[in-house]
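Below is one structure; the comments refer to it alone.
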Amino acid sequence: VAVVIRPAVVYGPGQRSGMLIPSLIAALRAGRRFPCTRGEQTRDFLHVGDLVRLLLRCLEPGVPAGLFNAGTGVETPA
């Protein structure tokens, strides 16, 4: 059985500092302006813990083969 997971934008502990969420948090903590777009594009942000839970479930017996998009289904302006 082959299961392929295509995760949305993953965020959470251990993420590189140059990525969107850690960069934004660092700027807010330092009181710096954070350059960003007008927010016309959207992203589906998926927490790493939720992705791990999904991957573990994919290892359970009876999981159907296929290609699956993993996300929350919620569009967030980015």
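These numbers come from a predicted model, not from an experiment.
Every side-chain contact (heavy atoms from CB on, under 4.5 Å) that Pro7 has, sequence neighbours left out, goes to Ile5, Val10, Leu46, Leu51. By the side-chain contact (heavy atoms from CB on, under 4.5 Å) test, Glu40 pairs with Arg38, sequence neighbours left out. Tyr11 is linked by a ring-ring contact (aromatic ring centres under 6.0 Å, His included) to His47, counting only residues two or more places apart in sequence or in another chain. Scored by the side-chain hydrogen bond (donor to acceptor under 3.5 Å, both in side chains) test, Thr42 finds Glu75 as partners (sequence neighbours excluded). Listed by chain and number, the residues in a side-chain hydrogen bond (donor to acceptor under 3.5 Å, both in side chains) with Arg6 are Asn69 (sequence neighbours excluded). For the side-chain contact (heavy atoms from CB on, under 4.5 Å) test, residues two or more places apart in sequence or in another chain that qualify with Arg53 are Asp50. Residues satisfying the side-chain contact (heavy atoms from CB on, under 4.5 Å) criterion with Ser23, sequence neighbours excluded, are Phe34. In terms of the side-chain hydrogen bond (donor to acceptor under 3.5 Å, both in side chains) criterion, residue partners of Thr72 (sequence neighbours excluded) are, by chain and number, Asp44.
When all heavy atoms of Val48 and Gly12 are compared, the closest pair comes out as CG1-CA, 4.1 Å. When every heavy atom of Gly71 is checked against every heavy atom of Ala8, the shortest pair comes out as CA-CB, 4.1 Å.
Residue pairs meeting the salt bridge (Lys or Arg N to Asp or Glu O under 4.0 Å) criterion with at least one partner in residues 27-36, sequence neighbours excluded, are absent. The stretch residues 54-78 participates, sequence neighbours left out, in no ring-ring contact (aromatic ring centres under 6.0 Å, His included) pair at all.
Atom CE in Met19 sits 13.0 Å away from atom CG in Leu24 (nearest 0.5 Å).
Residues Val63 and Val4 do not share a hydrophobic cluster, clusters being chains of Ile/Leu/Val/Met/Phe/Trp/Tyr side chains in contact below 4.5 Å.
With contacts defined as side-chain heavy-atom distances shorter than 4.5 Å, the pair Ile21/Gln15 qualifies.
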